[in-house]
*Asks:* 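Sharing a structure with you now.
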There are 2 protein chains.
Amino acid sequence: MFQLDLRDSRPLYEQVKEKMKMLMMRGILKSEEKIPSVRELAHQLTINPNTIQRAYKDLEMEGYIYAVKGKGNFVTPIKEAVSEKKCEQLITALKQLVQELMYAGIKEKQLVTIIDKIYAQPQKGE
Amino acid sequence: MFQLDLRDSRPLYEQVKEKMKMLMMRGILKSEEKIPSVRELAHQLTINPNTIQRAYKDLEMEGYIYAVKGKGNFVTPIKEAVSEKKCEQLITALKQLVQELMYAGIKEKQLVTIIDKIYAQPQKGE
DNA sequence: CACATGTATTAACTCATTTAATACGGACGG
DNA sequence: CCGTCCGTATTAAATGAGTTAATACATGTG
């Protein structure tokens, strides 16, 4: 499904979160689709199930997935997906980042071009 | 000069980096201006000088400041400030973030509005 | 020379991260 | 009903990043 980078200094559960979000954003994991079980993904990545559980717990709190005991974890339908709180955090992070980009001498036009390209991609995963 | 947030889960040196960058971006610390010495800032914030040193070392590597032994640390003039490598990292972070914002249902127009506001502020600190 | 600066080193402590070993309860197919 | 897969919780231990502390050295300034 994906690989972890052991040279990456970030915690493993953060990497797992990022990769799972990536798969959802790319539409590879679709709405209501079942994602690998805690034990299965742990086995695939050769890391401890508790670490996967930690990542899944975070993703559920942020609204990306939901868990059903005895069945598995599933992708939250897009419309209701990301929590309000998480959205605000993303906006705050954007403002901080854009200020740094401006200070670094990057032109606004350049940023808008980058954003255009991303938004030009069709929204998948419905 | 500024305060640290002990409830913040991030490392102290990361917070110091963020605050110092903020002061430079806001033009409160200007080009070629001397910033507080390692020992002085450590005393002000009631934290260890080594932690400040760590933050300053990072800021120097990223191009925001430069150090002169026996004299102090100074703000790098804007034009040469942020290193090429740091710029690329910022761009990469932006792409990642915008993808998440799109998935979260935020409209492109909304993002552009936010960016416009930031770039509308005059570039200070020259 | 006295003093402030940046820088380096070593040791110890705290705490987040990760692993490990179990355990419990719900869902499902045979 | 039973075995197996699922999510979830708990406790203990090991590892490593972050932080403090004490100290030392080199350089610039008055």
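The basis for the numbers below is simple: all heavy atoms, side chains too, and nothing from hydrogens, waters or symmetry mates. Residue numbers begin at 1 in each chain, while the letters A, B, ... track the order of the sequences.
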*Asks:* For B/Ile47 and C/dT14, give me the distance from atom CD1 to atom C1', rounded to whole Å.
*Replies:*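 Going from B/Ile47 (CD1) to C/dT14 (C1'), I get 16 Å.
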*Asks:* Can you give me the closest heavy-atom contact between A/Val75 and A/Lys30, atom names plus distance?
*Replies:* CB-O, 3.3 Å
*Asks:* Show the numbers, then the answer: is there a side-chain hydrogen bond (donor to acceptor under 3.5 Å, both in side chains) between A/Glu80 and A/Tyr66?
*Replies:* CA-CA 11 Å; A/Glu80 353 156 3; A/Tyr66 63 92; over 6 Å; no
*Asks:* Take the C1' atoms of the five end pairs on each side of the helix from C/dC1-D/dG30 to C/dG30-D/dC1, derive the two axes, and give their angle rounded to 10 degrees.
*Replies:* 20°
*Asks:* Using the closest heavy atom to pick a nucleotide of DNA chain D for each, name whichever of A/Gln53 or A/Ser9 lands nearer the 5' end.
*Replies:*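 Result of the comparison: A/Gln53.
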*Asks:* Counting just side-chain N and O atoms, does B/Tyr13 come under 4.0 Å of either OP1 or OP2 of D/dG18?
*Replies:*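 Yes, B/Tyr13 has a side-chain N/O under 4.0 Å of OP1/OP2 on D/dG18.
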*Asks:* Indicate whether OP1 or OP2 belonging to C/dT17 is found under 4.0 Å from a side-chain N or O atom of A/Thr51.
*Replies:* no
*Asks:* Roughly how far, to the nearest 0.5 Å, is CG of A/Leu4 from CD of A/Gln44?
*Replies:* 11.0 Å
*Asks:* Is it the case that atom NZ in B/Lys34 sees more than 12 heavy atoms from other parts of the structure closer than 6.0 Å?
*Replies:* yes
*Asks:* Taking OP1 and OP2 of D/dC5, is either one under 4.0 Å from a side-chain nitrogen or oxygen of A/Ser37?
*Replies:*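 So the side-chain polar atoms of A/Ser37 never come under 4.0 Å of the phosphate oxygens OP1 or OP2 of D/dC5.
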*Asks:* Rounded to the nearest Å, what distance is computed from the CZ atom of residue A/Arg54 to the P atom of nucleotide D/dA9?
*Replies:*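 Value for this atom pair: 13 Å.
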*Asks:* Please round to the nearest 0.5 Å and tell me the distance separating atom CE of B/Met24 and atom CD1 of B/Ile65.
*Replies:*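 So the CE of B/Met24 and the CD1 of B/Ile65 are separated by 6.5 Å.
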*Asks:* Does NZ in A/Lys86 sit with more than 12 non-hydrogen atoms of other residues, nucleotides or ligands closer than 6.0 Å?
*Replies:* yes
*Asks:* Taking OH from B/Tyr56 and C1' from D/dT19, how many angstroms apart are they, rounded to a whole number?
*Replies:*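 About 17 Å, once rounded to whole Å.
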*Asks:* Let me know, please, whether B/Arg10 or A/Pro36 comes out on the 5' side of the other along DNA chain D by nearest nucleotide.
*Replies:*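 Result: A/Pro36.
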*Asks:* What integer distance in Å separates B/Asn73:CG from D/dG28:P?
*Replies:*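 That distance rounds to 15 Å.
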*Asks:* How many Å lie between NZ on B/Lys34 and P on D/dG28, as a whole number?
*Replies:* 15 Å
*Asks:* Picking from C/dT19, D/dG18, C/dG6, which would you name as closest to the side chain of A/Leu12?
*Replies:* C/dT19
*Asks:* Output one letter per nucleotide in nucleotides 21-28 of chain C: B when a protein non-hydrogen atom lies under 4.0 Å from the base, S when only the sugar-phosphate is that close, - when neither is.
*Replies:* B-B--BSS
*Asks:* Between D/dG18 atom P and B/Leu4 atom CG, what is the distance in whole Å?
*Replies:*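 For the pair B/Leu4 CG and D/dG18 P, the rounded distance is 16 Å.
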*Asks:* Between B/Glu62 and B/Lys17, is there a salt bridge with N-O shorter than 4.0 Å?
*Replies:*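 Result for this pair is yes, salt bridge flagged.
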*Asks:* Just the rounded figure in Å: distance from C1' of D/dT20 to CD1 of B/Ile52.
*Replies:*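 To the nearest whole Å, that distance equals 13 Å.
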*Asks:* Any chance you could lay out the side-chain contact (heavy atoms from CB on, under 4.5 Å) test for A/Tyr119 and B/Leu111, step after step, and finish with the verdict?
*Replies:* CA-CA 11 Å; A/Tyr119 271 83; B/Leu111 299 190; 3.5 Å; yes
*Asks:* Run the salt bridge (charged side-chain N to carboxylate O under 4.0 Å, His left out) check on A/Glu18 and A/Arg10 step by step: do they pass?
*Replies:* CA-CA 11 Å; A/Glu18 182 200 299; A/Arg10 294 173 306 166; 2.6 Å; yes
*Asks:* In whole Å, I'd like the distance from the NZ atom of A/Lys17 to the P atom of C/dT18.
*Replies:* 12 Å
